[in-house]
Amino acid sequence: MTVSDRDGATPEGTSDLEEHRLTAVRLAKVEAMRSAGLDPYPTRFERTAVAAEIRSEHSGMAPGEDSGIEVAVAGRIMNVRDMGKLAFAVLRDWSGDIQLFTTAADDGFESFGALDAGDWVGVTGEVMTTRRGELSVRVRELTMLAKGLRPLPEKWHGLQDVEQRHRMRYVDLIVNEESREVLRLRSAVVRGLRDAFERRGFIEVETPVLQTVPGGGLAKPFETHHNALDMDMYLRIATELHLKRLIVGGVDKVFEIGRIFRNEGVSPRHNPEFTMLEAYWSLADYTDVMELVEKAVAEVAEEVLGTTLVEYGGVSLDLTPPWPRRGLFEITSETTGVEWDLDMPIDTARALALEHGVEAEPSWGVGKIVMEVFEEQVEASLSGPVFVVDYPAEVSPLAKSRSDDPRLVERFEAFVGGWELGNAYSELNDPVEQRRRFEAQARAKALGDDEAHPIDEDFLKALEYGMPPTGGLGIGVDRLIMLLTGQTSIREVVLFPHLRPEG
RNA sequence: GGGCCGGUAGCUCAAUUGGCAGAGCAGCGGGCUUUUAACCCGUUGGUUGUGGGUUCGAGUCCCACCCGGCCUACCA
């Protein structure tokens with residue numbers, strides 16, 4: 001392909017930039033700089049301070065004062081206010097904003113004229129305050145670090161269009177403080193989670209994303225292909241089965257914070273790729289894990305927000321442990337006014353489910369039906385935080401049965417804000433029983449359940465070497481971030497959410 | 001996938017019953033020695049998401065398609 005074949009490209013490689021009046025003007029400024037022997041894109045700049053440091057170190061200055069202290073700052077020009085014989089600009093770096101000030105008497109005055117909002121500059125000069133008391137840097141020397149060619153969004157309203165904010169997150173971050181804050185909080189939440197598990201002796205690992213058997217969850221995988229091996233592969237839908245192999249290998253406490261891929265619809269709470277924390281704790285059971293979850297979440301909230309009281313969707317939530325425990329059958333019966341239990345005839349369950357908006361498929365047993373009714377009728381009302389327990393074995397092929405009723409498993413899900421935050425159980429470690437569960441799933445698949453769990457022979461082999469009693473856990477990290485940042489759309493906490501290509 | 005709503009200048013938004021596509025910001029020119037979304041004067045800038053149709057005339061009405069938001073369905 002030749003250069004001129006490229007869509008909209010000119011032989012000079014400047015694409016459509018020359019076509020647009022606003023970018024053409026800035027390209028001309030780049031050329032003018034080059035003609036004057038200046039590099040519009042130099043290699044480095046020696047910074048001595050960021051905006052927030054200047055603010056904290058010179059907080060007590062009176063209006064119209066000179067500090068006598070010279071700094072070198074660098075950032076993006078957000079705004080220029082030219083008064084004729086003096087000028088102001090706002091410089092933004094990651095730590096915050098600082099004003100630049102210059103007068104006709106200053107050496108830096110001349111270089112101010114050609115600045116555009118969006119340019120990256122380095123400035124050396126003295127810290128001072130204006131007559132109005134605004135902390136500023138008096139420009140002694142100004143260096144262009146990267147000339148911006150595209151105009152910034154409107155300075156007061158910023159970039160509002162949700163689609164553009166997601167497609168051009170770089171612009172969103174430039175102009176919207178809330179987006180920068182969500183990014184910081186996201187980082188803090190992940191760090192907080194990592195700390196909470198490491199403090200308790202969990203080891204962080206990384207397991208394969210590319211798998212031949214996409215197990216550990218009930219979901220449709222993305223398919224891909226390994227060319228050299230001429231082999232179809234899947235992107236993982238969970239990290240569970242590999243982490244349990246590590247428990248078999250004798251790793252005491254293990255966790256992974258990893259990207260998971262599920263080939264399902266998108267919604268304000270679902271992105272095709274998302275981040276999940278999974279942890280496996282040998283010799284523990286699901287009640288130990290329950291305490292771990294409520295403590296870890298509270299610790300993270302305390303660490304990043306300074307409180308365990310959060311506001312979500314207009315509702316005040318208290319994340320302070322302990323969280324209430326409710327039985328799945330109990331709470332579903334209470335909400336629907338129907339007594340659900342595992343002894344009810346399948347036809348009765350089907351008919352009652354239909355009355356509650358759930359059409360049971362042929363492969364479903366009573367457990368699955370009640371689970372579906374719970375999700376349809378109860379889940380959205382669980383503002384939480386609350387642990388729901390007593391899940392049917394039918395919908396939990398990897399969880400250990402309860403000794404008092406093998407049709408139930410030792411499992412809980414954590415709910416908050418009307419959606420599931422986490423899922424955990426005492427891990428099934430009986431290899432013979434695990435094989436039976438897999439075979440039941442295979443029968444469900446044969447009956448048309450395309451999310452049934454596939455049989456993983458290597459995982460069964462691992463169990464046959466002996467896995468100690470283990471409590472396991474999965475937490476939707478993006479959702480935890482949504483909870484702690486008050487965001488109601490996952491697309492606001494994922495930096496680059498899945499979007500269709502632009503037409 | 002289905003339903004509802006939306007897409008107008010680089011950005012934020014107007015546009016009466018179908019009747020000359022506008023404003024602010026950004027840009028350009030000029031003025032201004034303490035601004036804070038600076039201000040004042042002047043000025044450039046449009047494939048109204050795309051493609052059809054109705055009409056003397058379409059941003060506006062009709063059809064199809066693209067993209068997005070919300071709801072809904074599956075999932076964490």
Side-chain angles (χ1 to χ4, degrees), chain A residues 16-17 20-26 28-29 63-64 78-90 97 99-106 109 116-118 128-136 138 148-168 171 174-175 216-221 237-238 260-278 357-359 372 375-376 379-380 413-416 419-424 449-451 473-480 482 488-491 497 499-503:
Chain A
D16 58 349
L17 288 173
H20 198 284
R21 61 208 163 80
L22 295 179
T23 50
V25 166
R26 293 179 181 218
K29 290 177 182 176
M78 296 305 296
N79 183 9
V80 180
R81 296 184 290 273
D82 185 350
M83 301 285 295
K85 293 212 168 44
L86 73 168
F88 306 85
V90 175
D97 294 354
Q99 180 168 265
L100 305 178
F101 175 78
T102 181
T103 75
D106 292 319
F109 185 72
D116 286 300
M128 44 88 63
T129 52
T130 62
R131 279 181 208 166
R132 290 286 183 83
E134 180 74 27
L135 191 66
S136 309
R138 183 190 301 275
L149 298 182
R150 294 183 185 268
L152 254 33
E154 210 258 349
K155 60 187 168 192
W156 184 240
H157 300 94
L159 189 64
Q160 297 289 327
D161 184 271
V162 173
E163 179 179 356
Q164 293 308 319
R165 287 183 42 240
H166 295 159
R167 287 194 194 283
M168 298 194 291
V171 180
I174 292 169
V175 298
L218 307 177
K220 296 186 201 77
I237 58 169
I260 297 298
F261 307 85
R262 296 194 177 175
N263 205 341
E264 288 154 0
V266 299
S267 85
R269 282 162 299 281
H270 301 85
N271 198 56
E273 52 181 301
F274 62 100
T275 302
M276 185 143 76
L277 180 153
E278 286 198 43
V358 172
E359 194 169 349
E372 293 287 332
E375 287 177 355
E376 173 73 23
E379 185 170 320
E413 292 189 318
F415 290 90
V416 65
W419 33 257
E420 183 187 342
L421 176 68
N423 178 25
D449 184 353
D450 55 1
E451 289 187 0
L473 165 69
I475 290 180
V477 173
D478 310 274
R479 288 188 174 177
L480 179 59
M482 287 168 66
T488 54
S489 170
I490 194 171
R491 288 185 289 268
L499 295 169
R500 290 173 199 267
E502 271 181 298

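To find a chain, count down the sequence lines: A is the first, B the second, and so on, and within it residues start at 1.
Atom-to-atom distance recorded for A/Ile260:CD1 and A/Leu277:CG is 10.5 Å, nearest 0.5 angstrom. Distance CG/A/Leu86 to CZ/A/Arg81: 11.0 Å, rounded to 0.5 Å. Separating the CE atom in A/Met83 from the CZ atom in A/Phe101 is a distance of 9.5 Å, to the nearest 0.5 Å. In this structure, the separation between CG on A/Leu159 and CZ on A/Arg167 is 12.5 Å, given to the nearest 0.5 Å. Between the OG1 atom in A/Thr130 and the CZ atom in A/Arg138 there is a gap of 10.5 Å [rounded to 0.5 Å]. Atom OG1 of A/Thr23 sits about 12.0 Å away from atom NZ of A/Lys29, to the nearest 0.5 Å.
Here B/G45 presents its P atom at 21 Å from CZ of A/Arg150, a figure rounded to the nearest Å.
Taking side-chain N and O atoms only, A/Arg500 has a distance below 4.0 Å to OP1 or OP2 of B/G68. For B/A26, the OP1/OP2 oxygens have a side-chain nitrogen or oxygen of A/Lys155 closer than 4.0 Å. Residue A/Arg131 places no side-chain N or O under 4.0 Å from the OP1 or OP2 atom of B/U33.
Projected onto RNA chain B by closest heavy-atom contact, A/Glu134 and A/Glu376 fall at different nucleotides, the more 5' of which corresponds to A/Glu134. Comparing A/Thr488 and A/Glu264 by the nucleotide of RNA chain B whose heavy atom lies nearest to each, the residue mapping closer to the 5' end is A/Thr488.
Using a 4.5 Å heavy-atom threshold, the side chains of A/Ser136 and A/Met128 count as touching.
Base engagement by A/Gly84 is indicated by at least one non-hydrogen atom pair under 4.0 Å involving a base atom. A/Glu420 comes within 4.0 angstrom of the backbone, heavy atoms only, and of no base. Within 4.0 Å (heavy atoms only), A/Ile475 reaches no atom of the nucleic acid at all. At the heavy-atom level, A/Val266 lies under 4.0 Å from base atoms of the strands shown. Residue-level contact check: A/Thr130 touches the bases, meaning some heavy atom is under 4.0 Å from a base atom. Within 4.0 Å of A/Arg491, counting heavy atoms only, lie sugar-phosphate atoms of the nucleic acid but no base atom. Among the heavy atoms of the strands lying under 4.0 Å from A/Asn271 is at least one base atom, whether or not backbone atoms are also near. Among the atoms of the strands shown, none is found under 4.0 Å from any heavy atom of A/Pro63.
No donor-acceptor pair closer than 3.5 Å links the side chain of A/Thr129 to the backbone N or O of A/Leu135. In this structure, the side chain of A/Asp82 does not engage the main chain of A/Ala87 through any donor-acceptor pair within 3.5 Å.
Comparing atom distances between the A/Asp82 side chain and each of B/C67, B/C28, B/C32 picks out B/C32 as nearest. Each of B/G27, B/G68, B/C70 was ranked by its minimum atom distance to the side chain of A/Arg26; first place goes to B/G27. With B/U34, B/C74, B/U36 as the candidates, the nucleotide lying closest to the side chain of A/Gln99 is B/U36. In the set B/A37, B/U34, B/G27, the nucleotide with an atom closest to the side chain of A/Phe101 is B/U34. The side chain of A/Ser267 sits closest to B/A73 out of B/G68, B/C70, B/A73. Side-chain proximity of A/Leu86 to the nucleotides B/G69, B/C28, B/U34 is greatest for B/U34.
Comparing B/U34 with B/C25, their C1' atoms are spaced 23 Å from each other, to the whole Å. Taking atom C1' on both B/C61 and B/G27, the two are 37 Å apart, rounded to the nearest angstrom. Here the separation of B/U43 from B/G7, taken at their C1' atoms, is 29 Å to the nearest Å. Taking the C1' atoms as reference points, B/U55 lies 13 Å from B/U60, given to the whole Å.
Contact record, A/Glu420 with A/Glu379: N-OE2, 4.0 Å, taken as the closest heavy-atom pair.
With no hydrogens or angles considered, no side-chain donor-acceptor pair links A/Gln160 and A/His157 at under 3.5 Å.
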Seminar exercise, completed: Each base of RNA chain B marked ( ) or [ ] if paired in-strand (Watson-Crick or G-U under 3.5 Å), | if paired to another strand and . if unpaired gives (((((((..((((.....[..)))).(((((.......))))).....(((((..]....))))))))))))....
Exercise. Taking protein heavy atoms under 4.0 Å as touching, what does nucleotides 4-12 of chain B look like 5' to 3' if B marks base contact, S marks sugar-phosphate-only contact and - marks none?
Worked result: ------BBS
